[in-house]
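All values below were derived from every heavy atom in this structure, side-chain atoms included, with hydrogens, water molecules and symmetry-related copies excluded.
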Amino acid sequence: MSLAQVHHISAAAGDESAEGRFTAVGRGVTAALLAELEPLFAYVLPDGAPHRPTDAELRSLPQAFTYAVLSDGSRAVGRTAPARGESSAPVRFHTHAVHIPVGVPLPGDRLPVEAWRSPHWATVTPAGGASLSDPLGALPPGPAPVREGLDDFAVSRGPWLAAVLSDLRRASEEAAPAGGPVVLVERRSADVARWLGLAAVALPRESAERLTFTTYTRRPGSSALRVVGVAPEDAAAAREAGLRVHVCADRPPVEATGDVWARTAARVWRSRAPELFQEARGLPGDPFAAGPLAVVALCAGVGLGSEERAAAAAWAAERPYALDAKRTGQLVEALTSPGIDDRTGSEFDAVGRLFGALDGRCPAPVTAPLAAMLVTEAVRGGNGSLELPRRDAFVGPEGEAIAGVLGPEILTELESGAGGSRPVARTVQLLRVARLLGMNTRDLLPDVATRLAPALLRETEAETEGPEGPEGYAGPGRPEAAAEAAAGTPGLTVSRGAPGPSGAARASGSAGTPAAPRSSGTAGSPAAPAFAPALLELLDEQFDVRTALLGALDRIAPEDPGAVARFLERVALPFTGTQALPHLRMCAEAPGAMTTLGRDRTALWHRILRAAGLSPFAEPLVLRTAAGLVWEDRAPTVEEARLLLEAATSDAHRAAGTWSRLADAALGAPADAEEAEALAHDLLRAFPQEIQGRERAALQLLALCRDLRTGAPEPGWADRVRTLRDRAAPLEPQVQERAFTALAERLLAPDRPGAELYAFVRSDDTDLITAYDRAARTEPTRTRLRTQPAYAADCFTVWTAHPHVGPAWTTTAAALLEEVLRPAVRSMSAELVAEVEETVGRTGSSGRANAFRDWNRSRTLGRLGRRIVGRVRRG
């Protein structure tokens with residue numbers, strides 16, 4: 001059918017009083033459509049255009065080639081070009097347009113942009129109206145009208161290709177993207193049409209038909225079209241309007257687009273292979289997925305980047321049935337080309353999936369290059385996430401060849417002493433590749449496992465550590481501040497050193513108060529570390545590696561059982577087999593036991609110890625592992641320490657190093673824990689060689705407390721308390737309090753040796769005298785003073801003796817006389833007071849009896865002091 005044509009003449013340039021008019025209108029074009037078409041034909045001259053241009057200048061002015069969809073669904077294709085006017089209006093703008101009704105395709109099923117080079121666009125209204133040849137229907141057959149010269153243009157616009165094609169793709173979506181049209185800035189409007197020609201070839205037909213455009217406008221911000229072209233002088237205004245602007249007539253862009261399809265399409269155009277777009281559309285998948293286009297490009301020899309190659313491999317891995325044998329071989333050859341040096345991890349991962357899809361579906365010679373590439377990357381590239389081929393992928397010459405190249409490198413790295421700092425994933429990958437290539441690593445396994453075991457714990461801790469502990473998980477050895485606060489049990493502040501007397505843990509504050517055992521009872525399971533899947537596959541594949549690694553982990557477990565327990569809860573190692581592995585079994589038992597038994601550390605201790613399957617007498621180190629799991633860096637209570645001491649012989653504790661925890665318990669116990677003294681006495685007898693230095697002096701001080709309270713300590717104990725205190729510095733406050741209190745109570749006893757009292761008074765030790773003052777003011781001492789005249793007389797004699805030994809004793813004794821003894825004497829009956837006086841005289845002298853009599857009558861400490869001093873001197 002014949003399409004209606006429209007001709008329009010715009011107003012003369014600079015003549016704002018004039019109006020444009022339609023000079024010819026084809027049949028079927030209504031007045032409403034004309035009103036909608038007229039704004040599309042508006043033309044504004046570029047800045048600096050001459051008023052009376054020459055013919056050459058007139059031809060150089062931009063032409064606006066426009067394709068628009070009208071409100072009724074019909075379309076219009078037209079060209080607006082400057083034309084020679086009358087003498088009063090030297091330049092006018094003539095529009096020749098074709099109206100395309102709804103549902104009517106363009107002649108020859110063309111795309112609108114294919115008509116931009118049609119020779120039948122008129123620059124004047126023809127005589128007889130709009131009956132000239134249709135510029136759309138008269139196009140020559142074939143793609144030449146739109147594709148001629150596009151290859152050269154694409155190469156010249158290489159730096160902008162990917163970004164522009166990406167935006168044109170988005171502009172062609174069914175729902176027009178918000179934000180206004182895409183703006184293409186070119187010096188010539190014909191180059192904007194060429195951009196649209198590139199898009200018409202690259203985009204699917206339905207997308208290209210949605211791409212409305214004009215090749216020239218001065219008002220891009222007010223355009224309802226999807227793509228507009230502007231001259232360079234209007235680029236700034238387009239940016240200010242917030243539009244997406246591509247200045248293709250300026251410096252190349254710096255940033256590359258993230259659209260993989262657009263980058264692939266740009267490579268195809270620069271390779272002058274536009275026929276590949278149609279070929280790609282014959283493959284299954286999303287029309288704008290990069291995979292199909294990348295596949296056909298690689299098969300055609302087009303060089304692509306890493307992301308594009310990864311897209312091709314990933315697409316082919318999902319649809320291995322979509323490619324014939326020839327194209328599959330071409331794709332494999334392109335992906336494994338030795339000239340490629342920019343492969344990335346994502347590309348290798350995609351190639352690994354492709355190998356998995358093709359393995360067994362294609363002949364081994366086809367997939368062998370993929371397998372060799374993957375294995376080479378696993379060894380030389382350090383990609384620990386690769387999905388390795390099956391072991392039989394290298395049966396035959398291919399396997400021997402790759403093993404001959406990579407085998408020495410694998411063995412050298414596995415033997416390297418740097419394995420302690422090598423990532424776990426790397427070691428696991430090397431071991432798996434070694435087996436894949438049939439290499440003998442049996443002699444290396446002991447050393448490899450010894451280095452790998454601590455690396456497993458180190459990486460697990462580093463990967464999961466956070467401000468709340470590992471991912472908020474309160475597993476073995478992790479603080480439970482929240483649980484302890486809820487239970488009203490304060491935590492322990494502990495400084496932990498190496499096992500032994502010089503590094504024994506010391507608790508402060510509320511030491512001896514049972515802290516909650518660590519619990520694994522959190523919702524959900526802790527996340528496995530990244531290397532876990534590959535590690536478990538390795539252990540499943542290689543029994544000798546599993547045996548060596550489990551043995552190495554079991555050997556290091558006693559050193560940090562909490563870390564091993566946290567590791568085992570994240571990585572479920574297989575314990576099947578004949579290995580004993582007592583320490584690993586204890587660590588694996590700990591989380592569940594803590595959840596079940598809660599804060600009962602005694603029950604927890606027994607359950608974890610039973611899980612070992614070995615007696616502490618046969619394997620003493622199970623004591624260290626169990627203690628580390630239950631208490632980790634905390635000191636046991638005194639009761640728990642006695643449990644530990646009785647669980648095995650001193651030789652077993654000595655071998656396990658757990659004696660230091662027992663010392664922690666004794667020295668960290670509260671001042672009122674009576675069993676701490678007996679525990680200290682037993683520890684000094686059981687570990688005489690191990691406990692030395694400061695800890696030994698502190699424990700001896702505790703043992704001396706026991707003798708002061710219950711036995712007959714050797715003479716010189718008053719000085720010995722001071723000596724041991726100095727040797728044990730810095731002494732735990734609760735130990736010092738216990739020792740000083742025991743000493744003071746012994747010195748206040750009626751039967752205390754005079755020599756010890758004299759040594760104590762003469763020391764004038766402020767801390768000891770303060771403890772003595774505190775003990776003298778306790779209620780038992782006050783009661784004894786009130787009810788036993790002999791005791792009151794003895795205290796009067798002591799507290800009035802030695803007035804010149806030092807300020808600490810003189811001040812304290814005077815205060816005790818006035819504040820403790822005087823109230824006690826005043827509460828006595830006259831008979832008892834007389835008995836006190838008589839006892840003082842009998843045990844002392846007549847002068848001291850007179851002194852007591854005067855002191856009892858005196859009211860001030862100053863008078864008493866003067867009288868006592870005078871009488872003592874006279875006596």
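- Qualifying side chain to side chain contact (heavy atoms under 4.5 Å, CB included) partners for Ala294, counting only residues two or more places apart in sequence or in other chains: Thr264, Leu304, Ala312.
- Pairs passing the salt bridge (Lys or Arg N to Asp or Glu O under 4.0 Å) check and including a residue from residues 605-621, sequence neighbours excluded, read Glu589-Arg607.
- Pro338 pairs by the side chain to side chain contact (heavy atoms under 4.5 Å, CB included) definition with nothing, not counting sequence neighbours.
- Among residues two or more places apart in sequence or in another chain, the side chain to side chain contact (heavy atoms under 4.5 Å, CB included) test is passed with Ala262 by Leu165, Ser166, Asp259.
- Under the ring pair (Phe, Tyr, Trp, His ring centres under 6.0 Å) criterion, the residue pairs touching residues 575-608 are Trp605-Trp631, with sequence neighbours excluded.
- By the ring-ring contact (aromatic ring centres under 6.0 Å, His included) test, Trp315 is found to be paired with no residue, residues two or more places apart in sequence or in another chain being considered.
- Annotation: side chain of Glu459 is not in contact with side chain of Pro529 (no heavy-atom distance under 4.5 Å).
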Are Thr367 and Val332 close enough, and set up right, to give a side chain to side chain contact (heavy atoms under 4.5 Å, CB included), and what steps lead you there? CA-CA 8 Å; Thr367 58; Val332 170; over 6 Å; no
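- Counting only residues at least two apart or on different chains, the ring pair (Phe, Tyr, Trp, His ring centres under 6.0 Å) pairs with a member in residues 286-308 are Trp261-Phe288.
- In this structure the side chain of Phe617 never reaches within 4.5 angstrom of the side chain of Asp651, judged on heavy atoms.
- Among residues at least two apart or in separate chains, salt bridge (Lys or Arg N to Asp or Glu O under 4.0 Å) pairs with a member in residues 325-334 are Glu279-Arg327.
- Here side chain to side chain donor-acceptor pair (under 3.5 Å) pairs that include residues 286-313, with residues two or more places apart or in two chains, are Arg263-Glu307, Arg263-Glu308, Ser306-Thr344, Ser306-Glu347, Arg309-Asp342, Arg309-Glu347.
- In this view, Leu411 and Met439, Thr441, Leu444 satisfy the side chain to side chain contact (heavy atoms under 4.5 Å, CB included) rule, not counting sequence neighbours.
- Minimum interatomic distance between Ile410 and Leu430 (heavy atoms only, all atoms of both residues): CG2-O, 3.9 Å.
- Applying the salt bridge (Lys or Arg N to Asp or Glu O under 4.0 Å) definition to pairs two or more places apart or across chains, those involving residues 354-369 are Asp359-Arg390.
- The list of salt bridge (Lys or Arg N to Asp or Glu O under 4.0 Å) pairs with a residue in residues 535-557, not counting sequence neighbours, reads Arg432-Glu537, Arg432-Glu541.
- Using a 4.5 Å cut-off on side-chain heavy atoms (C-beta onward), Gln330 and Leu298 make no contact.
- Two residues are said to be in side-chain contact when any heavy atoms from C-beta on lie closer than 4.5 Å; Leu445 and Leu431 meet this criterion.
- In this structure the side chain of Ser416 reaches within 4.5 angstrom of the side chain of Arg422, judged on heavy atoms.
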